[in-house]
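Working notes, structure below.
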Protein chains: 2
Amino acid sequence: MPSPLALPLLDADSCSSPLVRTPLDEGRATALALRFKALADPGRLRLLSLIGAHESGEACVCDLTEPLGLSQPTVSHHLKVLREAGLVTSERRGTWVHYRLVPEVLAQLAAELGNDGLWPVASERPAVDGETRTRPTGTTD
Amino acid sequence: MPSPLALPLLDADSCSSPLVRTPLDEGRATALALRFKALADPGRLRLLSLIGAHESGEACVCDLTEPLGLSQPTVSHHLKVLREAGLVTSERRGTWVHYRLVPEVLAQLAAELGNDGLWPVASERPAVDGETRTRPTGTTD
DNA sequence: GATCCAGATCGACAACTGTCAATACAGCGG
DNA sequence: CCGCTGTATTGACAGTTGTCGATCTGGATC
């Protein structure tokens, strides 16, 4: 429970409504962005997916290079990015290096995006309407 | 429902284990990466957070520029990125333009990262061990 | 219409990112 | 010890991204 403390900003002279949650501070935003940056590449997403698709929960680089269609150095680079973001761990066993997902971190990221995260995500709106509201929460796409 | 069809690849001559899920194809990965790219910036995360923090569920640019500490053109640019990624919608009402989150898209992204997403995320492992496994699923950091 | 204000767009620039070929490094088998 | 193979690192380069000042647009007010 994030305890939505209501900060009294606002003069409401113009537009806008009062805040009902503390917005993300810069440090936390930067940290989060680092993780999302790691996810912001098709190759890396496919890498995660490939690793997760293996029955043992892990995969070595040799399994990943070919299905990705990228060069071995590039794959290695992407894996490094994922590792540094904490999304995967690596372990050398003999010749091969095995990568596996870090489910807790992925789950935590999902949670930030989801309902108990940084913003209200479902239809859990306080139903304000003494406000500048004009249009219902319609789907626009 | 992703119906985890088991594709029989593999000769298991070397390392690796069989696939138990279909890995993300390139098109889908690219589409997903586009959305994560939009999230991969501290300013944009704070923007989303700020919008979500408002009681009415929306905010105009004038509310966002100052707490972000970025110039107005930059904020406008970020909002455009978020809008094009489908994460927010904008609506002009008189002088001001109001932005609001698109909860469904955020929730969908969370779902991809989470349990019913692209990779197994909880401790729902099939418990393989006729494999190259050597070490338990320890945290490596 | 002239003016003012909120936002968007443009142009420029530095910083970062994805990619690969070449090379280095680390175990393993002879 | 020497070569082989899997993986990491380096260097280079093109493409993308974040940022801002300057300028444009569009609604509201006088």
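Any value given below was found using the heavy atoms of this structure, including those in side chains, with hydrogens, waters and symmetry copies removed.
Within residues 39-50 of chain A, the residues approached by DNA chain C to less than 4.0 Å at the level of any non-hydrogen atom are Asp41(A), Arg44(A), in residue-number order. Listed in residue order, the members of residues 74-82 of chain A having a heavy atom less than 4.0 Å from DNA chain C are Thr74(A), His77(A), His78(A).
Rounded to the nearest 0.5 angstrom, Thr65(A) OG1 and Leu47(A) CG are separated by 8.5 Å. Between the CG atom in Leu64(A) and the CG atom in Leu70(A) there is a gap of 11.0 Å [rounded to 0.5 Å]. To the nearest 0.5 angstrom, Thr89(A) atom OG1 is 11.0 Å from Leu79(A) atom CG. One finds the CG atom of Leu39(A) at 9.0 Å from the CG atom of Leu32(B) (value rounded to the nearest 0.5 Å). Expressed to the nearest 0.5 Å, how far CZ of Phe36(A) lies from CG of Leu109(A) amounts to 5.0 Å.
At a threshold of 4.0 Å, the pair Glu58(A)-Arg93(A) counts as salt-bridged, since one of the basic side-chain nitrogens sits closer than that to a carboxylate oxygen.
For Ser71(A), a side-chain nitrogen or oxygen approaches OP1 or OP2 of dC20(C) to under 4.0 Å. Here Tyr99(B) reaches the OP1 or OP2 of dA8(C): one of its side-chain N or O atoms lies under 4.0 Å away.
A straight line from NZ of Lys37(B) to C1' of dT16(D) spans 8 Å, rounded to a whole angstrom. The CD-P distance, from Glu84(B) to dG18(D), rounds to 12 Å in whole Å. Between the CG atom of Leu68(A) and the P atom of dC20(C) there is a distance of 10 Å, rounded to whole Å. Whole-Å rounding puts the Arg83(A) CZ to dT9(D) C1' distance at 12 Å. Atom P of nucleotide dA8(C) and atom CD of Glu91(B) are separated by 13 Å, given to the nearest angstrom. Atom CH2 in Trp96(A) sits about 17 Å away from atom C1' in dA8(D), given to the nearest Å.
Residues forming a side-chain contact (heavy atoms from CB on, under 4.5 Å) with Glu26(A) (at least two apart in sequence, or on another chain): Thr30(A), Arg46(B). Partners of Arg28(B) by side-chain contact (heavy atoms from CB on, under 4.5 Å), not counting sequence neighbours, listed by chain and number: Leu24(B), Asp25(B), Glu112(B), Leu118(B).
Side-chain proximity of Leu70(B) to the nucleotides dG7(C), dT19(D), dT7(D) is greatest for dT19(D). Here dA21(C) is the nucleotide among dG7(C), dC20(D), dA21(C) with the atom lying nearest to any side-chain atom of Pro73(A). Comparing dA28(D), dC28(C), dG7(C) against the side chain of Thr95(A) picks out dC28(C) as the nearest.
The shortest side-chain heavy-atom distance between Leu101(A) and Leu87(A) does not fall under the 4.5 Å cut-off.
A residue-by-residue look at Arg92(A) and Gly69(A) shows that Gly69(A) has its nearest nucleotide of DNA chain C further toward the 5' end.
Between the side chain of Arg92(B) and the main chain of Gly94(B), a donor-acceptor pair closer than 3.5 Å is present.
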- Note on the structure: Secondary structure of DNA chain C per the Watson-Crick/G-U criterion (both distances under 3.5 Å; [ ] crossing, | other strand, . unpaired) is ||||||||||||||||||||||||||||||
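Contact annotation: side chain of Gln72(B) to base of dA6(C), donor-acceptor pair absent below 3.5 Å.
The side chain to side chain donor-acceptor pair (under 3.5 Å) analysis of residues 69-79 of chain B, with sequence neighbours excluded, yields the pairs Arg44(B)-His78(B), Ser71(B)-Thr74(B).
For the residue pair His98(A) / Glu91(A), no side-chain donor-acceptor distance below 3.5 Å is found, with atom types taken as modelled.
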